[in-house]
Amino acid sequence: MKKVRYITGAIFFGTAFFVLAIFVTMWLWNWLMPALFSLGAITFWQAAGILILSKILFSGGCHGRSWHSDRKKKYWHSRLNEKWKKIPDEKKEKIIQRMKEKGFHNDEETEKQ
């Protein structure tokens with residue numbers, strides 16, 4: 001029963017948030033664009049289209065953060081770890097010191113190495 005209520009609430013609040021975002025987009029467009037760029041006012045559905053289009057253009061498609069990106073991240077992390085293990089300890093210390101000088105450091109991570 002709790003699961004049904006949770007899913008129902010998530011659908012309701014998700015839809016409410018999306019509708020609110022559409023109204024805010026429509027209000028901002030109709031307030032700014034005609035005055036700044038002499039563009040016409042837009043409707044609710046045009047604002048929804050603008051939001052969906054901006055999501056596609058600026059978020060890398062409809063997947064957002066997909067499993068592909070996690071798989072690629074693990075692949076590159078494993079390759080970097082392999083290379084890091086091959087570096088002699090003296091050279092590792094020099095690299096860590098240079099990174100600290102430049103402001104890129106995480107003391108917890110470097111102590112584990």
Side-chain angles (χ1 to χ4, degrees):
M1 186 66 179
K2 286 185 180 181
K3 198 174 200 178
V4 173
R5 291 174 100 185
Y6 177 78
I7 292 172
T8 305
I11 291 171
F12 174 76
F13 286 111
T15 305
F17 179 77
F18 185 64
V19 169
L20 180 67
I22 292 171
F23 276 115
V24 168
T25 303
M26 185 176 75
W27 175 75
L28 284 171
W29 179 285
N30 291 338
W31 177 52
L32 291 171
M33 296 308 211
L36 293 175
F37 302 109
S38 300
L39 296 173
I42 61 172
T43 65
F44 176 84
W45 295 111
Q46 289 170 329
I50 289 172
L51 275 180
I52 293 169
L53 181 62
S54 64
K55 166 72 172 125
I56 292 168
L57 292 176
F58 298 118
S59 296
C62 55
H63 298 297
R65 187 171 151 78
S66 68
W67 65 276
H68 295 289
S69 62
D70 290 338
R71 193 170 68 182
K72 287 179 184 176
K73 186 191 301 184
K74 288 178 185 175
Y75 170 76
W76 287 110
H77 276 265
S78 67
R79 291 214 32 203
L80 286 173
N81 282 333
E82 289 173 15
K83 287 185 177 186
W84 184 254
K85 289 177 184 176
K86 293 178 183 177
I87 298 174
D89 289 337
E90 310 87 51
K91 196 166 184 180
K92 285 182 187 178
E93 289 300 321
K94 287 181 184 178
I95 292 170
I96 291 169
Q97 189 59 37
R98 279 190 293 177
M99 295 302 283
K100 283 184 178 181
E101 289 170 4
K102 294 182 179 191
F104 298 101
H105 62 88
N106 184 350
D107 292 330
E108 294 172 5
E109 285 293 321
T110 54
E111 288 174 5
K112 290 178 186 176
Q113 305 278 330

Notebook entry, point to check: Atom NZ of Lys85 and atom NZ of Lys92: how far apart are they, to the nearest 0.5 Å?
Noted result: 9.0 Å
Item checked: Expected output: side-chain Trp29 to main-chain Gly40 donor-acceptor under 3.5 Å -> yes
Item checked: Ile52-Phe17 co-clustered via ILVMFWY side chain contacts under 4.5 Å -> no
Next item on the list: Could you identify which residues cluster with Tyr75, counting Ile, Leu, Val, Met, Phe, Trp and Tyr as linked when any side-chain heavy atoms lie under 4.5 Å apart, either directly or through a chain of such contacts?
Entry: Trp76
Check: Cluster question for you: counting only ILVMFWY and a side-chain heavy-atom cut-off of under 4.5 Å, with indirect links fine, are Trp45 and Phe18 together?
Finding: yes
Notebook entry, point to check: How far does NZ of Lys86 sit from NZ of Lys91, to the nearest 0.5 angstrom?
Noted result: 13.5 Å
Margin query: Measuring from atom CG of Asn30 to atom CD of Gln46, what distance do you get when rounded to the nearest 0.5 angstrom?
Written below: 9.0 Å
Item checked: Contact summary for Ala48 and Ile22, nearest pair of heavy atoms -> CB-CD1, 3.5 Å
Checklist line | Same cluster (ILVMFWY, side-chain, under 4.5 Å), Phe37 and Leu28 | finding: yes
Notebook entry, point to check: Looking at residues at least two apart in the chain, or sitting in another chain, which of them share a ring pair (Phe, Tyr, Trp, His ring centres under 6.0 Å) with Phe44?
Noted result: Phe23
Margin query: Which heavy atom of Ala41 sits nearest to which heavy atom of Pro34, and what is that distance?
Written below: N-CG, 4.5 Å
Check: How many angstroms lie between atom CG of Leu20 and atom OG1 of Thr25, to the nearest 0.5 angstrom?
Finding: 9.0 Å
Let me check something: any side-chain donor-acceptor pairs from residues 8-15 under 3.5 Å, sequence neighbours excluded? List them with distances.
unit_1 : atom_1 : unit_2 : atom_2 : d
Thr8   : OG1    : Val4   : O      : 2.7
Thr15  : OG1    : Ile11  : O      : 2.7

